[in-house]
Amino acid sequence: MNMLLDEYLMECEYKKLSKKTITNYKRILESFISTTGATDIKQVNKLLVKNYINNLELSVSSKNQYIRTISAFINWIQDEYDVDLHIKLKRLKEQKTIKYTPSDDEVDELLRAYDNKSFMNCRNKTIISCFINLGLRAEELLNLRKDDVDLKNGIITVRKRKG
């Protein structure tokens, strides 16, 4: 199984998945393999996976991440080695929650809290504005470089976007 995992992770690198994604896949799949004791793909079945998922002390959302990762691994094995393991995993039902979204007034108040009298205040105000106005994720913002920002034309180029 570990050889298959190594090969799968190399395939993920080949597909140019992010290092963070590959690290998460590795962590989840190593946990699955070591916890279940599966040393051969022939030992893996739907019941084994369901028992593994059920015994995780995680939120439903996190369990679904494990299900997606294990499913992707199993699907890759089936495609790569032309075997049918007869394993189709469904994600668990998650309760839909509405995430809090600040009002325009609250956003304005937050931005007014930073005056332009110091570098740190200007920087923080810019960071918050990028999150709010551009919808950037933290990692996308961290990957911005000076030459990605064209102030003359009002263009910001985001090179490393998720998905």
Side-chain angles (χ1 to χ4, degrees), residues 1-111 113 124 126-144 156-163:
M1 267 305 255
N2 287 324
M3 286 177 54
L4 287 173
L5 175 57
D6 291 341
E7 191 176 337
Y8 176 66
L9 295 173
M10 283 194 309
E11 178 73 15
C12 292
E13 288 176 14
Y14 175 76
K15 288 181 175 180
K16 302 262 190 253
L17 298 183
S18 76
K19 288 181 183 179
K20 187 175 178 182
T21 297
I22 294 170
T23 299
N24 282 330
Y25 284 3
K26 182 178 181 183
R27 178 183 51 79
I28 289 170
L29 293 169
E30 283 178 344
S31 170
F32 172 71
I33 291 167
S34 67
T35 302
T36 60
T39 56
D40 188 279
I41 193 60
K42 294 172 187 159
Q43 295 173 308
V44 178
N45 58 51
K46 199 170 190 175
L47 184 60
L48 181 79
V49 177
K50 283 184 170 184
N51 282 334
Y52 171 73
I53 298 296
N54 283 338
N55 289 317
L56 293 172
E57 293 184 15
L58 298 171
S59 69
V60 174
S61 176
S62 294
K63 285 183 178 184
N64 279 334
Q65 177 60 46
Y66 276 63
I67 291 169
R68 281 189 296 274
T69 301
I70 294 167
S71 291
F73 181 52
I74 289 170
N75 291 337
W76 173 81
I77 290 169
Q78 292 180 137
D79 291 345
E80 193 71 18
Y81 291 97
D82 198 30
V83 295
D84 190 357
L85 301 172
H86 306 289
I87 301 173
K88 297 246 189 266
L89 302 170
K90 292 182 182 176
R91 286 185 273 168
L92 305 173
K93 187 173 181 173
E94 294 182 50
Q95 260 190 330
K96 293 184 181 188
T97 57
I98 299 172
K99 294 184 179 179
Y100 169 74
T101 305
S103 69
D104 289 345
D105 290 339
E106 289 171 316
V107 170
D108 289 342
E109 184 180 339
L110 176 64
L111 293 174
N124 292 342
T126 302
I127 289 170
I128 292 168
S129 293
C130 285
F131 286 138
I132 293 169
N133 297 319
L134 302 176
L136 294 181
R137 292 177 170 86
E139 192 167 338
E140 294 166 346
L141 186 64
L142 288 170
N143 285 321
L144 285 179
I156 296 177
T157 304
V158 181
R159 300 185 191 285
K160 292 186 176 181
R161 294 208 44 103
K162 184 175 180 182

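Excluded from the calculations below are hydrogen atoms, water molecules and symmetry mates; all remaining heavy atoms, backbone and side chain alike, are included.
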J.: Please identify each residue that fulfils side chain to side chain contact (heavy atoms under 4.5 Å, CB included) with Lys20, with sequence neighbours left out.
T.: Ser18, Asn24, Glu139

J.: Is there side-chain contact between Asn143 and Glu140, with heavy atoms separated by less than 4.5 Å?
T.: no

J.: Output yes when a side-chain donor or acceptor of Ser34 lies under 3.5 Å from a complementary backbone atom of Glu30, and no otherwise.
T.: yes

J.: Sort and list the pairs that fulfil ring pair (Phe, Tyr, Trp, His ring centres under 6.0 Å) and have at least one residue in residues 4-49, not counting sequence neighbours.
T.: Tyr8-Phe73, Tyr8-Trp76, Phe32-Tyr52

J.: Taking only residues two or more places apart in sequence, or in another chain, which ones meet Tyr66 in a ring-ring contact (aromatic ring centres under 6.0 Å, His included)?
T.: none

J.: Only pairs under 3.5 Å count here: list side-chain donor-acceptor contacts from residues 87-97, not counting sequence neighbours, and write none if there are none.
T.:
unit_1	atom_1	unit_2	atom_2	d
Glu94	OE2	Asn64	ND2	2.8

J.: Quick one: list whatever passes side-chain hydrogen bond (donor to acceptor under 3.5 Å, both in side chains) with Ser59, sequence neighbours left out.
T.: Ser62

J.: Could you check whether any side-chain heavy atom of Ile128 comes within less than 4.5 Å of a side-chain heavy atom of Leu111, counting everything from C-beta outward?
T.: yes

J.: The criterion is side chain to side chain contact (heavy atoms under 4.5 Å, CB included); which residues satisfy it with Ile98, sequence neighbours excluded?
T.: none

J.: From Ile132 CD1 over to Ile127 CD1, what is the distance, rounded to the nearest 0.5 angstrom?
T.: 12.0 Å

J.: Test of understanding: with side-chain hydrogen bond (donor to acceptor under 3.5 Å, both in side chains), list the residues that count as partners of Thr39, not counting sequence neighbours.
T.: Gln43

J.: For Lys50, give me all partners under side chain to side chain contact (heavy atoms under 4.5 Å, CB included), at least two apart in sequence or on another chain.
T.: Lys46

J.: Let me confirm one number: the CD-CD distance from Glu80 to Glu11, rounded to the nearest 0.5 Å.
T.: 6.0 Å

J.: Show your reasoning for whether side chain to side chain contact (heavy atoms under 4.5 Å, CB included) applies to Ile70 and Ile53.
T.: CA-CA 10 Å; Ile70 294 167; Ile53 298 296; 4.2 Å; yes

J.: The criterion is side-chain hydrogen bond (donor to acceptor under 3.5 Å, both in side chains); which residues satisfy it with Glu7, sequence neighbours excluded?
T.: Tyr81

J.: Once side-chain hydrogen bond (donor to acceptor under 3.5 Å, both in side chains) is applied, what residue pairs with a partner in residues 102-111 remain, sequence neighbours excluded?
T.: Tyr100-Glu106, Ser103-Glu106

J.: Considering only heavy atoms from C-beta outward, does the side chain of Asp40 approach that of Met1 to under 4.5 Å?
T.: no

J.: According to side chain to side chain contact (heavy atoms under 4.5 Å, CB included), who are the partners of Asn45, at least two apart in sequence or on a separate chain?
T.: Leu47, Leu48

J.: State which residues pass side-chain hydrogen bond (donor to acceptor under 3.5 Å, both in side chains) with Thr157; sequence neighbours excluded, sorted by chain then number.
T.: none

J.: Rounded to the nearest 0.5 Å, what's the gap from CD1 on Ile28 to OG1 on Thr23? Could you check?
T.: 11.0 Å

J.: What closest approach, in Å, do Asn55 and Asn51 show between heavy atoms, and which atom pair accounts for it?
T.: ND2-O, 2.9 Å

J.: If we only count heavy atoms from C-beta on, is the Gln78 to Ile74 side-chain gap below 4.5 Å?
T.: yes

J.: Would you compute the distance between atom CG of Leu56 and atom OG of Ser31 and round it to the nearest 0.5 angstrom?
T.: 6.5 Å

J.: Within this structure, what is the CD1-CG distance for the pair Ile77 and Asp84, rounded to the nearest 0.5 Å?
T.: 12.5 Å

J.: Just wondering, more than 12 heavy atoms not from Lys26 lying within 6.0 Å of its NZ?
T.: no

J.: Return the CG to CG distance between Leu141 and Leu134, rounded to the nearest 0.5 Å.
T.: 9.0 Å

